[in-house]
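The shown structure was predicted, so the numbers you read here are calculated from the model rather than taken from an experiment.
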Amino acid sequence: MTAATGRLAGKVAVVTGAGSGIGLATVRRFAGEGATVFCADIDVDAAEKAAAEIGGTAVQVDVTDEDGVRAMFDGIVQQYGRVDIAFNNAGISPADDDSILDTGIDAWRRVQEVNLTSVYLCCKHAIGHMRTTGGGSIINTASFVAVLGSATSQISYTASKGGVLAMSRELGVQFAREGIRVNALCPGPVNTPLLRELFAKDPERAARRLVHVPMGRFAEAEEIAAAVTFLASDDASFITASTFLVDGGISGAYVTPL
């Protein structure tokens, strides 16, 4: 466990997908670093459990619904006067998102809505407030699959994360001179409930992923949360529009060590 430094003291942060995985690890880290944290999730029980643990505030929100997203950010600003950090992290990877030959249009659209449209909505309404309060940091969860191709495809997931990466780059450039930093976090495979479910359902498919990680293991959620915390903090004050890879070397590898 990394010792807290208080580098987010006085910051107001909102994390979507806060109830589990990377989101939960991040709200713990944000709170430990002194931020006031809003734990947003479609699962209200998960949001409330996370908020209770860290002394934050739970928000139930469907991130694909613009009225709900707008109300969330408006409510936070009404209560605290500002939003300094938005970690737009909610996402899904359902089993029916597979090869392009097998993935139906309904599965495609559902993944695009949750993984890409939600980031568009959260960025739109966070930026609107950040412009009036002197800036902020937005971190959008993309993926290493946004920069690599995979023969074991999740076609809509991959496309959605590519969209998050491109959108984050453009927003980072567009709003740089207003003090708003926007970065795309690109994790490699992370030891989360989502990945453990993949192992349980299809160990062979999961093992095909592990062999490509030079470090020989998957990331822990806390390691990704540390990267998010860095990007959220003033330590990253000259970093925007970046493809911030935290992937154990996958994207740099031709072959991996024996």
Subject >> Whether E33 side chain and R7 backbone form a donor-acceptor pair below 3.5 Å >> reply: yes
Subject >> Nearest atoms (heavy-atom pairs only) where F87 meets V228 >> reply: CZ-CG2, 3.7 Å
**OP:** Could you check Q112, R110, E113 and say which one makes a side-chain contact (heavy atoms from CB on, under 4.5 Å) with S156?
**Re:** Q112
Subject >> Connected via hydrophobic side-chain network under 4.5 Å: V12 and M130 >> reply: yes
Original post:
Considering all heavy atoms of both residues, which atom of E220 and which atom of V190 are nearest to each other, and what is their separation?
Top reply: C-CG1, 3.9 Å
Please set out all donor-acceptor pairs under 3.5 angstrom arising from side-chain atoms of residues 34-46, sequence neighbours excluded.
unit_1	atom_1	unit_2	atom_2	d
D41	OD1	D43	N	3.0
D41	OD2	A18	N	3.4
D41	OD2	G19	N	2.9
D43	OD1	D45	N	3.1
D43	OD1	A46	N	3.2

Original post:
Given E66 and V69, is the side-chain contact (heavy atoms from CB on, under 4.5 Å) satisfied, shown in steps?
Top reply: CA-CA 5 Å; E66 183 163 16; V69 171; 5.6 Å; no
Subject >> Within 6.0 Å of CD1 in I239, more than 12 heavy atoms from elsewhere >> reply: yes
Original post:
If you look at every heavy atom in L8 and T229, which pair is closest and at what distance?
Top reply: CD1-CG2, 4.1 Å
Subject >> Intermediate values then yes/no, side-chain contact (heavy atoms from CB on, under 4.5 Å), V27 and E53 >> reply: CA-CA 10 Å; V27 299; E53 177 186 337; over 6 Å; no
Original post:
Are side-chain heavy atoms of M72 and L121 found at a separation under 4.5 Å?
Top reply: no
**OP:** List the steps, then state whether side-chain contact (heavy atoms from CB on, under 4.5 Å) holds for S251 with F144.
**Re:** CA-CA 7 Å; S251 58; F144 74 105; 5.6 Å; no
Original post:
Under 3.5 Å, side chain of N191 to main-chain N/O of A221, donor-acceptor pair present?
Top reply: no
Original post:
Does I224 share a hydrophobic cluster with V15, counting links as ILVMFWY side-chain heavy atoms below 4.5 Å and allowing steps through other members?
Top reply: yes
**OP:** Using modelled atom types only, decide if a donor and an acceptor are shared between the side chain of S153 and the backbone of S150 within a distance under 3.5 Å.
**Re:** no
Subject >> Common cluster, L101/W108, ILVMFWY with side-chain heavy-atom separation under 4.5 Å >> reply: yes
Original post:
Any sub-3.5 Å donor-acceptor pair from D97's side-chain atoms to I155's backbone N or O?
Top reply: yes
Original post:
So do M167 and L116 actually touch side chain to side chain, heavy atoms under 4.5 Å?
Top reply: yes
Original post:
Between I180 and I127, is any pair of side-chain heavy atoms under 4.5 Å apart?
Top reply: yes
Original post:
Between CD of Q78 and CD1 of I76, what distance do you get to the nearest 0.5 Å?
Top reply: 11.5 Å
Original post:
Taking atom OG of S168 and atom CG of L185, what is their separation to the nearest 0.5 Å?
Top reply: 9.5 Å
Original post:
How about R70 and D67: do any of their side-chain heavy atoms sit closer than 4.5 Å?
Top reply: yes
Subject >> Cluster overlap V145 with I250, hydrophobic side-chain contacts below 4.5 Å >> reply: yes
Original post:
Would you say the side chain of P189 lies within less than 4.5 Å of the side chain of F218, judging by non-hydrogen atoms?
Top reply: yes
Original post:
Mind checking whether V83 and V77 have side chains closer than 4.5 Å, heavy atoms only?
Top reply: yes
Original post:
How about Q79: does its CD atom have over 12 heavy atoms from other parts shown lying under 6.0 Å from it?
Top reply: yes
Subject >> Minimum heavy-atom distance C186-T243, with the two atoms named >> reply: SG-CG2, 3.7 Å
Original post:
Rounded to the nearest 0.5 Å, how far apart are CD of E223 and CE of M215?
Top reply: 7.0 Å
Subject >> Whether over 12 other heavy atoms sit under 6.0 Å from R131 CZ >> reply: no
Original post:
In Å and rounded to the nearest 0.5 Å, what is the CG to CZ distance from N183 to F230?
Top reply: 9.0 Å
Subject >> Contact summary for K161 and T141, nearest pair of heavy atoms >> reply: NZ-O, 3.1 Å
**OP:** Go through S118 and T16 one step at a time and tell me if the side-chain contact (heavy atoms from CB on, under 4.5 Å) criterion holds.
**Re:** CA-CA 10 Å; S118 73; T16 65; over 6 Å; no
Original post:
Do N88 and N140 touch side chain to side chain, with heavy atoms closer than 4.5 Å?
Top reply: yes
Original post:
Could you give the distance from CG (L165) to OG (S160), rounded to the nearest 0.5 Å?
Top reply: 11.5 Å
Original post:
With the 4.5 Å side-chain cut-off for hydrophobic clustering, are I54 and L24 part of the same group?
Top reply: yes
Original post:
Within the side chain of S137, is there an N or O that forms a donor-acceptor pair under 3.5 Å with the backbone of S233?
Top reply: no
**OP:** Could you tell me the separation between the CG atom of N115 and the CD atom of Q154, rounded to the nearest 0.5 Å?
**Re:** 10.0 Å
Original post:
What is the minimum heavy-atom distance between R181 and S237, and which atoms define it?
Top reply: CD-O, 3.5 Å
Subject >> F175 side chain reached by V182 side chain, heavy atoms, under 4.5 Å >> reply: no
